[in-house]
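Each remark here refers to the structure printed beneath this line.
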2 protein chains.
Amino acid sequence: MGALTKIRAPRVRHVAPVVDKADLPLGRILPGDCVEAMRSLPDASVDLIFADPPYNLQLGGDLNRPDGSHVDAVTDDWDRFDSFATYDRFTRAWLTEARRVLKPDGGLWVIGSYHNIFRVGAIMQDLGFWLLNDIVWRKSNPMPNFRGTRFTNAHETLLWASMGEKAKYHFNYRAMKTLNDELQMRSDWVIPICAGQERLKKGGHKVHPTQKPEALLYRVLLATTEAGDVVLDPFFGTGTTGAVAKRLGRNWIGCERENIYREAAMERIECALPLDESALKTMQSMRTAPRIAFGSLVEAGMLAPGTELFDKQRRFSAQVRADGSLMSGKECGSIHHVGKTLQGAPSCNGWTFWHLEHEGAIKPLDALRQTYLLSIED
Amino acid sequence: MGALTKIRAPRVRHVAPVVDKADLPLGRILPGDCVEAMRSLPDASVDLIFADPPYNLQLGGDLNRPDGSHVDAVTDDWDRFDSFATYDRFTRAWLTEARRVLKPDGGLWVIGSYHNIFRVGAIMQDLGFWLLNDIVWRKSNPMPNFRGTRFTNAHETLLWASMGEKAKYHFNYRAMKTLNDELQMRSDWVIPICAGQERLKKGGHKVHPTQKPEALLYRVLLATTEAGDVVLDPFFGTGTTGAVAKRLGRNWIGCERENIYREAAMERIECALPLDESALKTMQSMRTAPRIAFGSLVEAGMLAPGTELFDKQRRFSAQVRADGSLMSGKECGSIHHVGKTLQGAPSCNGWTFWHLEHEGAIKPLDALRQTYLLSIED
DNA sequence: CAGGGCCGTGAATCGTCTC
DNA sequence: TGAGACGATTCACGGCCCT
């Protein structure tokens, strides 16, 4: 009953544009310490942050404080605790700024290894970020463990979080499913390490020790941003995030202390070619597609009142009525409601449950909806 | 020169047996809270701890599959914590006791998901445990994400740690490599979830909501314990750790609060069949096997002084001398040193580099070492 | 008027084992 | 052979009423 009265305008993202994009340093790399650099950005101005912070731990090597001063090598227990504490302070500092500049429906990605990721993850939770997935980047060609003392360290971990437990966030479910041959994308991604042509080199040496593969960023940005979104990378390095953002039609902002990386990144991003607009269009999920009321199919004449509908096994049948409601015996209501009640199920998707006979074949209602959707596009 | 002076007795594990195994409750499940239960164990008495603590899932409402059926979720009391702070206190408490009962060269494994593993990992580091690997258990058949709101949560994480940065630990590199078709075992393991015959059921319902697959424990115990070691599981559940420990000839101790799980576990472990001894011996690591000096082969009469050795391509040759040193032209020293110098290589494993002719066939020295190893066993 | 709670509509599944 | 069951799951969202 009354299905027609429920027709709504297609939903849009209704986070108020507090910040004008023109006020943001889009397509620029901010020099200096990332915490300082982020301070120059307004609150709630960024859609996504991708961060590849220093793993800086336990390498017997260097650890820098947020202010850039150097921490002496860690030898005894006291120093070890001191260094974890220092790393934690550094992490809390940049994550706090990240949180400030992110929109309420923004997303955060951080990549790390077992040296730092547990500290980062715990601090993210402490600051109120809500973990959505931990993603395993499974390297198809990892470095072997030469000394045979441990398992080959063949993966790194990415954390994906929203701003809070109840916060909205963006996930292009349909695009990911398409990318994965019509199966749901899993939390483990097999991607080769960055090598060959893609690896930036100067004088035969790699420019950056931990350059990430573009395929990794491609999947991250495709999954959790829309074209036109603003993506911030506080540890920009040689600009993989910027290069992929440009290709995918996303805006980007970087922070990077090292002059040499900034230069390499800008040069690289200049060369990146944006995909054209039609290539950028991704599969939409039903949830974000315009919502179609069943009644509008009747209204449009695609389905005559009185048409008989069946479930696939023909255990149930029902009749379409002029107002877009369904009737089956004494039961009447929406296609979903009648399907649910007849089955005694907790819920029912009427679009896939009900079928109709058309030229001898049985088709689900959903096929009709697809046809209708195409007819009203553009 | 003077290679004989370098001959050492085969190394043995030289952690003093502070505790007599007879004083430990081997093959028993201690009832009650695991922290209390562990208090009854002596200091430094356990070789390995495998822990599967509550994950603190914080589940919301009900979940139905698209077909309307209901998902049987983990709603047990033991998985509910008020806050991260409460969970952290709990974690610190049991990890502290775990640390006390572990031997200085003991190992710790903890399994978890993104809900808890970052807190656990950070606390492990804070307590002084040294992370050796984070292992990804990639489920071949995970539960899908029915709502299409995230990536399919297709893995869990295991942390493997030693008692400290400089602490010794046990890793059966060779056994892992054998298990993995002569490739180094990686940090990501593909193992199916526990289902079918293996899953303990009572009245058609699963006995424990989160029973782990035996294949997982098999790999953990094979990798990081020796036959006869003492393995403790503070969250014993239905005793997967005990069952696999028994199969592999390891001693086990469990802690479990729930009477019903203890009973199911004991019954299950009774039925587990230990592998026979020869099957267990097949995969000993060269690294943990007693170290053999080349000279001892000469000493044992397995190799006569004067025997001619070649590299595989017969580019180089050398003569064995009575003291276990090698001579090739003017070059003399250990089998490794001479091999290295002749090739001009930075290093050389003499055991695999040098070969000898025996009954018409060419065999590497290593084959001789294997024979010798077998002869001195037991 | 902000925010919490209730309610109705509606969108959404993969691999494996059992019967 | 095919239908059904099921697994550590932080798994929707908007409108409206009520405080």
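Just so it is clear, the model here is predicted, and its values are computed rather than measured. Just so it is clear: chains get the letters A, B, ... in the order the sequence lines come, proteins before strands, and each one is counted from 1. Basis for what follows: all heavy atoms, side chains included, without hydrogens, waters or symmetry-related copies.
Side-chain proximity of B/D72 to D/dA8, D/dG7, C/dG10: nearest is D/dG7. Counting only heavy atoms from C-beta on, A/H336 has its side chain closest to C/dG10 among C/dT9, C/dG10, D/dA8. Minimum atom distance to the side chain of A/K340 is reached by C/dT9, of the listed D/dT9, D/dA8, C/dT9. Each of D/dG7, C/dT9, D/dT9 was ranked by its minimum atom distance to the side chain of B/L63; first place goes to D/dT9.
The side chain of B/K206 places an N or O atom within less than 4.0 Å of a non-bridging phosphate oxygen (OP1 or OP2) of D/dG7. Listed pair A/W351 / C/dA11 meets the phosphate criterion, a side-chain N or O lying under 4.0 Å from OP1 or OP2. Between B/R150 and C/dT13, a side-chain N or O to OP1/OP2 separation shorter than 4.0 Å is absent.
Among the atoms of the strands shown, none is found under 4.0 Å from any heavy atom of B/S113. Using a 4.0 Å heavy-atom criterion, one finds that B/P53 contacts the bases of the nucleic acid, with or without backbone contacts as well. Residue contacts for B/G61: at a heavy-atom cut-off of 4.0 Å it reaches a base atom on one of the strands shown. Residue contacts for B/N145: at a heavy-atom cut-off of 4.0 Å it reaches a base atom on one of the strands shown. Counting non-hydrogen atoms under 4.0 angstrom, A/W130 reaches a base of the nucleic acid.
Taking a 6.0 Å sphere around CG of A/L183, one finds it holds more than 12 heavy atoms contributed by other residues, nucleotides or ligands. Atom CZ of B/R65 sits in a crowded spot, with more than 12 heavy atoms from other residues, nucleotides or ligands closer than 6.0 Å. Atom CD of A/E357 sits in a crowded spot, with more than 12 heavy atoms from other residues, nucleotides or ligands closer than 6.0 Å.
Going from atom CG of A/L365 over to atom C1' of C/dG10 covers 14 Å, rounded to whole Å. If you measure from atom CG of B/N153 to atom C1' of D/dG7, you get 12 Å, rounded to the nearest angstrom. For the pair A/K166 NZ and D/dC11 P, the computed distance is 9 Å after rounding to whole Å. Here the C1' atom of nucleotide D/dT9 and the CG atom of A/D134 are 13 Å apart, to the nearest Å. Going from atom CG of B/L200 over to atom P of D/dG7 covers 13 Å, rounded to whole Å. For the pair B/R80 CZ and D/dA8 P, the interatomic distance rounds to 18 Å; values are reported in whole Å. Look at CG on B/N64: it is 15 Å from C1' on D/dG7, rounded to the nearest Å. Protein atom NE2 of B/H70 is 20 Å distant from nucleotide atom P of D/dG4, rounded to whole Å.
Checked by distance alone, B/D52 brings a side-chain donor or acceptor within 3.5 Å of a matching partner on the base of D/dA8.
With salt bridges taken as basic N to acidic carboxylate O contacts below 4.0 Å, one links A/D188 and A/R186. Ionic pairing of B/R119 and A/D126 is present here: one or more N-O contacts between side-chain nitrogen and carboxylate oxygen are shorter than 4.0 angstrom. Of the charged side-chain nitrogens involved, at least one lies within less than 4.0 Å of a carboxylate oxygen, so that B/R268 and B/E214 count as a salt-bridged pair.
Aromatic ring pairs are classed by plane angle as parallel below 30°, tilted from 30° to 60° and perpendicular above 60°; the pair A/W109 and A/W160 is parallel. The aromatic rings of B/F236 and B/W252 lie parallel to each other, their planes meeting at an angle below 30°, with 60° marking the opposite boundary.
As rounded to the nearest Å, C/dA11 and D/dG15 have P atoms that lie 15 Å from one another. D/dG7 sits 15 Å from D/dC11 when the C1' atoms are compared, rounded to a whole Å. C/dC1 sits 16 Å from D/dC17 when the P atoms are compared, rounded to a whole Å. Atom name C1', nucleotides D/dA8 and C/dT18: the rounded distance is 23 Å, in whole Å.
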Going 5' to 3' through nucleotides 14-19 of chain C, assign each nucleotide B (protein heavy atom under 4.0 Å from a base atom), S (under 4.0 Å only from sugar-phosphate atoms) or - (no protein heavy atom that close).
-> BSSSS-
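Under the Watson-Crick and G-U wobble criteria, each requiring two contacts below 3.5 Å, nucleotide C/dT16 is paired to D/dA5. Searching all strands for a Watson-Crick or G-U wobble partner of D/dC13 with both distances below 3.5 Å returns C/dG8.
You'll find the ring centres of A/W130 and A/Y169 outside the 6.0 Å limit.
Along DNA chain D, the nucleotide nearest to B/D67 and the one nearest to B/F84 differ in position, and the one closer to the 5' end is contacted by B/D67.
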